2 protein chains.
Amino acid sequence: MLQPDHELDGFSRRRQIIDEATTLFLQRGYAGTSMSQLAKACGMQKASLYHHFPTKEALFVACATDGFDEAIAELAAIRADPTLDDDERFRRAIHAVYRINIDSACGRMAPLIAEVSRTIPAVARAFHDEFIMHQHVLMNGIIDDGIARGSFQAPERLGFEHMIFGPVVSLSLEREMFTTFDKFDTLRPIERIRTEHAELLLRLLHGADGGARGTAGRGRAGRAR
Amino acid sequence: MLQPDHELDGFSRRRQIIDEATTLFLQRGYAGTSMSQLAKACGMQKASLYHHFPTKEALFVACATDGFDEAIAELAAIRADPTLDDDERFRRAIHAVYRINIDSACGRMAPLIAEVSRTIPAVARAFHDEFIMHQHVLMNGIIDDGIARGSFQAPERLGFEHMIFGPVVSLSLEREMFTTFDKFDTLRPIERIRTEHAELLLRLLHGADGGARGTAGRGRAGRAR
DNA sequence: GTCTATACAAGGATAGAC
DNA sequence: GTCTATCCTTGTATAGAC
């Protein structure tokens, strides 16, 4: 999945093309983006693009599968950070999930994957296996660790996972849908939504009965119910 | 928004075109669907389509804004149904929201709206004002009624709304993304997700402290767990 | 590795007969 | 209201010089 290529002067044409293409794809969709537009955006001739990528489809696959690891890195680091207590780790993990899916290019690719899912099924497969799946695994790990240490109560996992990722994914989609609206941040104040979202999830993790510990560290015995 | 037209024999060509076009748009995206393909699907000539719709864009707008009211009708009915207690009403409302956004054609339009949001901003506006907004209003009404009757505790509303609709919208998107996978229902068992989702939301509505009433009618004091 | 030039298909849309 | 025929643009992709 890597192409060391000719990253000589810190400037790779391939990189530039991928970046410009990603921008265009995100703005106008796959079928709505033409190689001519892309060539213009890159300041080069259409034919030159085909020196770097054999087909438009191959170019799209490169864009869509680019940067999975970097995007998820932060979440992995949070899971591994031993200095955090479980509640705080969970809060930061939620924060990271928002950044991954709303700010990063590959997080914003979801509607595009849907668009091409029938014509390029492989890209949907990769998106699931190497992006979505990894986030779920990391998040479940964080929850499981908290349960093992007595900080969290086990929730119905399937529904809970969807209550973690669903609001983030839909917010990302809505931001694409409503980009032309005056102030999207008034319609959907992401910061506030994220905070409330995290606190509501924590309430569920602490159990319905006792409310459990507010900021339980690891292993502290605070039990509930 | 209605066109009585010539619904003579219960078969309208306009209706047929909208239905076929909607299917194609959902499968291949807006830019990825051609008028030629559509003409073939309708069993007519390309030029004939232009007798019914002046442009491809107008046709898409017709598809995307078709059936809002019908899709939402069930949710409105549930809100107004006086025979339900608040918990059961909420459960059925969640059920309806799943059907609206996952099964109905206009619910599945979301990624398409995102695709055309820059080129046809009006359709994004309509989708928000006449579809999304209405669902939020109805759902909030159901919650407010429950609060007024003492069945529910008021949650942080903004975060809670996203925890209602987010998982549904993302599930709808994922179903489009992963249509080519062997068994989507194994990957994302919608029935089970929906049930767990509803129960977790109810747990939040019942409050972290007392758990509040399990199946409280209006005012009934029933406890649970 | 980038360019000019071009092949060839498909796109949206229109004209005008029936 | 549907057809055949056609216009013109744009699309992806390639050939071959530099």
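Chain naming here is simple, since letters A, B, ... match the order of the sequence lines and numbering starts at 1 in each. Side-chain atoms are counted along with the backbone in the values below, which use heavy atoms only and exclude waters and symmetry mates. Keep in mind that what you see is a predicted model, and the values were worked out from it rather than measured.
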Atom pair distance, as rounded to whole Å: [atom1] in [X] and [atom2] in [N]:
{"X": "B:H51", "N": "D:dT2", "atom1": "NE2", "atom2": "P", "value": "7 Å"}
{"X": "A:L49", "N": "C:dC3", "atom1": "CG", "atom2": "C1'", "value": "12 Å"}
{"X": "B:K40", "N": "D:dC3", "atom1": "NZ", "atom2": "C1'", "value": "17 Å"}
{"X": "B:R13", "N": "D:dC3", "atom1": "CZ", "atom2": "C1'", "value": "12 Å"}

- Going by the ring pair (Phe, Tyr, Trp, His ring centres under 6.0 Å) test, which pairs reach into residues 96-119 of chain A, not counting sequence neighbours?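 Residue pairs with at least one partner in residues 96-119 of chain A: A:Y98-A:H197.
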- Message: If the condition is salt bridge (Lys or Arg N to Asp or Glu O under 4.0 Å), which residues does B:D81 pass it with, not counting sequence neighbours?
- Response: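 If we apply the salt bridge (Lys or Arg N to Asp or Glu O under 4.0 Å) test to B:D81, skipping adjacent residues, there are no hits.
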- Aromatic ring proximity, centroids under 6.0 angstrom, A:F68 and A:H134: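 They do not qualify: ring centres at least 6.0 Å apart.
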- Could you pull out all residues at least two apart from B:T55 that satisfy side-chain contact (heavy atoms from CB on, under 4.5 Å)?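 Per chain and number, B:T55 pairs via side-chain contact (heavy atoms from CB on, under 4.5 Å) with B:E57, B:A58.
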- Sequence neighbours left out, what passes side-chain contact (heavy atoms from CB on, under 4.5 Å) with A:D129? Give chain and number order.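 Applying side-chain contact (heavy atoms from CB on, under 4.5 Å) to A:D129 gives A:R125.
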Any side-chain N or O of [X] under 4.0 Å from OP1/OP2 of [N]?
{"X": "A:S48", "N": "C:dG1", "result": "no"}
{"X": "A:R14", "N": "C:dG1", "result": "no"}
{"X": "B:H52", "N": "D:dT2", "result": "yes"}

- Message: Treating primed atoms plus P, OP1 and OP2 as sugar-phosphate and everything else as base, which nucleotides of nucleotides 11-18 of chain D get B, S or - for protein heavy atoms under 4.0 Å?
- Response: SBBBB---
- Item | With sequence neighbours excluded, residues passing side-chain hydrogen bond (donor to acceptor under 3.5 Å, both in side chains) with A:R175 |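 A:R175 satisfies side-chain hydrogen bond (donor to acceptor under 3.5 Å, both in side chains) with no residue once adjacent residues are dropped.
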